[in-house]
Amino acid sequence: MCLAIPMKLIKIEGNKGIVALSGVKKEISLNLLKEVEIGDYLIIHAGFAIEKLNEEEANKTLAIWKEIADIQKK
């Protein structure tokens, strides 16, 4: 099973980017996507940005992840 997580792009350096989620920052490859901008939400899998999401869809997905995490804590 593969997991892909939406993260916000905060920095671009050539074909690399820095994304952030809940205080965690990660360097990722932007080679698979065209026309990304700082502030975009990207689906990240295995260190690669594989899809761009609008903010509404990203927030829906992140809310589901939070709900799952909260259930696991119980």
Side-chain angles (χ1 to χ4, degrees):
M1 183 167 113
C2 298
L3 297 176
I5 300 172
M7 299 181 82
K8 189 173 189 175
L9 184 62
I10 60 170
K11 188 174 185 179
I12 298 172
E13 298 174 343
N15 66 344
K16 301 275 184 189
I18 304 293
V19 290
L21 175 64
S22 299
V24 174
K25 295 179 183 175
K26 179 166 180 56
E27 182 179 88
I28 51 100
S29 171
L30 298 171
N31 286 335
L32 301 177
L33 292 181
K34 296 180 182 177
E35 299 183 27
V36 295
E37 299 176 3
I38 292 174
D40 285 345
Y41 282 87
L42 307 173
I43 296 289
I44 308 301
H45 174 68
F48 289 86
I50 60 172
E51 186 176 343
K52 188 160 71 167
L53 290 175
N54 66 43
E55 187 171 359
E56 181 182 349
E57 287 300 315
N59 286 331
K60 284 180 186 177
T61 302
L62 292 171
I64 292 167
W65 278 107
K66 183 181 181 323
E67 192 175 314
I68 292 168
D70 290 346
I71 290 170
Q72 295 295 319
K73 290 179 185 177
K74 293 180 181 180

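Every value quoted in this text rests on a predicted model; they were computed, and no experiment measured them.
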Separation between OG (S29) and CD1 (I44), nearest 0.5 Å, reads 9.5 Å

From L9 atom CG to L30 atom CG, the distance as rounded to the nearest 0.5 Å: 6.0 Å

Determine, using the 4.5 Å side-chain heavy-atom cutoff (strictly less than), whether F48 and M7 are members of one ILVMFWY cluster. no

Heavy-atom pair with the smallest gap, counting every atom of A20 and K25: CB-CG, 4.1 Å

Following the transitive rule for hydrophobic clusters with a side-chain heavy-atom cut-off under 4.5 Å over Ile, Leu, Val, Met, Phe, Trp and Tyr, establish whether I38 and V19 coincide in one cluster. yes

Could you tell me whether a side-chain N or O of K52 sits under 3.5 Å from a main-chain N or O of E37, the two making a donor and an acceptor? no

Where is the tightest heavy-atom contact between L53 and A58, given as atom of each residue plus distance? CD1-CA, 3.9 Å

Group every Ile, Leu, Val, Met, Phe, Trp and Tyr by side-chain heavy-atom contacts under 4.5 Å, then state whether L32 and Y41 land in the same group. yes

If you round to the nearest 0.5 Å, how far is NZ of K8 from CG of L62? 11.0 Å

Atom CG of D40 and atom CG of L33: how far apart are they, to the nearest 0.5 Å? 9.0 Å

In this structure, would I50 and V36 fall into the same cluster of hydrophobic residues linked by side-chain contacts under 4.5 Å? no

Once rounded to the nearest 0.5 Å, what's the spacing between atom CD of E57 and atom CD1 of I43? 9.5 Å

To the nearest 0.5 Å, what is the distance between CG (N15) and CD1 (I28)? 9.5 Å

